[in-house]
Amino acid sequence: MNNVMEQTEKLIEAIHSSNEYAQYQMLQNTITKDGNVYARLNDFRKRNLQIQINSQVDVISESANLSREYADVLNRPEVKDFIAAEQRYIKMLRKINRKLDAEMHVNIDFLE
């Protein structure tokens, strides 16, 4: 178990030293300096997530409406850059998780 935890710490260090993480952190620090912009962006993100998980709405139409409502924030270059960096960072984490999931087998037959 100690070796697994040591390797986990190395993975965390590798993630922290990646370009994806560095860009994400730098751009997040940039946009948090303007509390109003950051608050509106977070409100947009929260509402967008609610739209995405609500199966009873027209996702495309609602997302378009939401984007128009927050265009003043979403069209700012630093916000665009942050969103793109966040997507790259999350994509990297998802790849790591998929790889772990594919290689680590847990028998869950009892759920069927």
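Hydrogens, waters and symmetry mates play no part in the numbers below; they use all other heavy atoms, side chains included. Small disclaimer: the values here were computed from a predicted structure and weren't measured.
A side-chain donor-acceptor contact under 3.5 Å links Asn75 to the backbone of Ala71.
Pairing each heavy atom of Leu74 with each of Val79, the nearest pair is CA-CG1, 4.2 Å.
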Distance-only donor-acceptor hits, side chain of residues 57-68, under 3.5 Å, sequence neighbours excluded:
from, atom 1, to, atom 2, distance (Å)
Asp58, OD1, Ile60, N, 3.4
Asp58, OD1, Ser61, N, 3.4
Ser63, OG, Gln52, NE2, 3.2
Ser63, OG, Val59, O, 2.8
Asn65, OD1, Arg68, NH2, 2.3
Asn65, ND2, Ser61, O, 3.4
Ser67, OG, Ser63, O, 3.1

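Applying the ring pair (Phe, Tyr, Trp, His ring centres under 6.0 Å) test to residues at least two apart or on different chains, none of the pairs has a partner in residues 93-112. Pairs of residues two or more places apart, or lying in two chains, never qualify as side chain to side chain donor-acceptor pair (under 3.5 Å) while including a residue from residues 11-20. Note on residues 25-47: pairs passing side chain to side chain donor-acceptor pair (under 3.5 Å), not counting sequence neighbours, are Gln28-Tyr38, Arg40-Asp72, Asn42-Arg45, Asp43-Tyr70, Arg45-Glu86, Arg47-Glu69, Arg47-Tyr70. Sorted by first and then second residue, the salt bridge (charged side-chain N to carboxylate O under 4.0 Å, His left out) pairs with a member in residues 101-111 read Lys99-Glu103; sequence neighbours excluded. Sorted by first and then second residue, the pairs that involve residues 77-100 and meet ring pair (Phe, Tyr, Trp, His ring centres under 6.0 Å), not counting sequence neighbours, are Tyr21-Tyr89, Tyr24-Phe82, Tyr24-Tyr89.
No side-chain heavy atom of Asn54 sits less than 4.5 Å from a side-chain heavy atom of Gln50.
The number of heavy atoms from other shown groups lying within 6.0 Å of CZ (Arg98) is above 12. With a 6.0 Å radius and a threshold of 12 heavy atoms from other residues, nucleotides or ligands, Leu49 has its CG atom above the threshold.
Rounded to the nearest 0.5 Å, atoms CG (Leu11) and CD (Gln7) are 9.5 Å apart. Separating the CG atom in Leu93 from the CZ atom in Arg88 is a distance of 13.0 Å, to the nearest 0.5 Å.
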Given Leu41 and Ile83, is the side-chain contact (heavy atoms from CB on, under 4.5 Å) satisfied, shown in steps? CA-CA 10 Å; Leu41 174 61; Ile83 291 171; 4.0 Å; yes

